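Note that the coordinates shown come from a computational prediction; the quantities given were computed from them, not determined experimentally. Sequence positions, counted from 1, serve as the residue numbers for this chain.
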Amino acid sequence: MARIISPSMLSADFGYLADDTRMIDRSAAEWLHIDVMDGVFVPNISFGFPVLAAIARETAKFLDVHLMIVEPEKYIKRFAEAGASLVTIHAEATGDLPAALRSIRALGIKAGVSIKPATPVWAIADVLPLCDLVLVMSVEPGFGGQQFMPASVDKVRELRRLIDGQGLATLIEIDGGVSPANAGMLFGAGCDVLVAGSSVFGAPDPLEAIEQMLNAE
Ligand code: DX5
Ligand code: ZN
């Protein structure tokens, strides 16, 4: 299993976005997590294509784009053009999930599906072969700095069994309330990728916080 940290740029200082991006570029984190919010799917608005493109110019890291928007299929191509390496869409946000996932892969990038805390794993069980990644939300999407929801760990374990049982290479990512205090437990439960916003950018030494999560037991 992989051990990847994906710092969430939602917690970066947008006045110094290039500096914060270059800081993560120098870190042991392999990915950068980009949270796109539309004020409809979630009660918050973050940023869109130009900001993603600006981040992409400052880093060679894998760009993990989390779309918290309705009708994501309308915008997938533009996120790919702006530099996304992976586009994750919400199962709750689209009418035809298999078609949307296929259209992401057709652009030559990786496809992910995400589920909110109230959405069960069985809702996405059938589309696992179409996904490079499943993102389990461990907070209600919309804001950084919320408290981790422990029930999400059971979903990770269930997904691990399903993915391994089908012999798939789909990665499991978790997002919300992740810190050095729970990183070891999350990797142990079957996560491959940990998203961390406030615990990285709010740390006295963000690069050290990333190392702590990578090496957590
Ligand atoms: C929330 C976003 C998260 C957020 C995580 O909707 O999807 O990626 O940035 O922030 P923390 O790590 O602070 O919980
Ligand atoms: Zn996210």
### Message
Suppose we screen for side chain to side chain donor-acceptor pair (under 3.5 Å). Which residues come up paired with Q166, at least two apart in sequence or across chains?
### Response
none
### Task
Tell me, please, which residues at least two apart from T59 pass side chain to side chain donor-acceptor pair (under 3.5 Å).
D25
### Short side-chain donor-acceptor distance under 3.5 Å, S8 and D35
yes
### Query
Just checking, any donor-acceptor pair under 3.5 angstrom between side chains of S103 and E73?
no
If only atom types and distance count, is the side chain of [X] paired as donor or acceptor with the main-chain N or O of [Y] below 3.5 Å?
X    : Y    : value
E173 : L133 : no
D20  : L17  : no
D132 : G112 : no
K61  : S6   : no
S114 : L135 : yes
D175 : M137 : no
R157 : A189 : no
N44  : M37  : no
E92  : K116 : yes

Selection [range] - residue pairs positive for ring-ring contact (aromatic ring centres under 6.0 Å, His included), sequence neighbours left out:
range            : result
residues 84-103  : F41-H90, H66-H90
residues 158-214 : none
residues 131-172 : none
residues 2-30    : F14-F47

### Message
V65 and side chain to side chain contact (heavy atoms under 4.5 Å, CB included): which single residue from L86, I55, L52 fits?
### Response
L52
### Query
Would I163 and L171 count as a side-chain contact (heavy atoms from CB on, under 4.5 Å) if you check the C-alpha gap in whole Å, the side-chain angles of each, and the deciding distance to 0.1 Å?
CA-CA 9 Å; I163 288 167; L171 296 172; over 6 Å; no
### Task
State the CD1-CZ distance between I172 and R160, to the nearest 0.5 angstrom.
4.0 Å
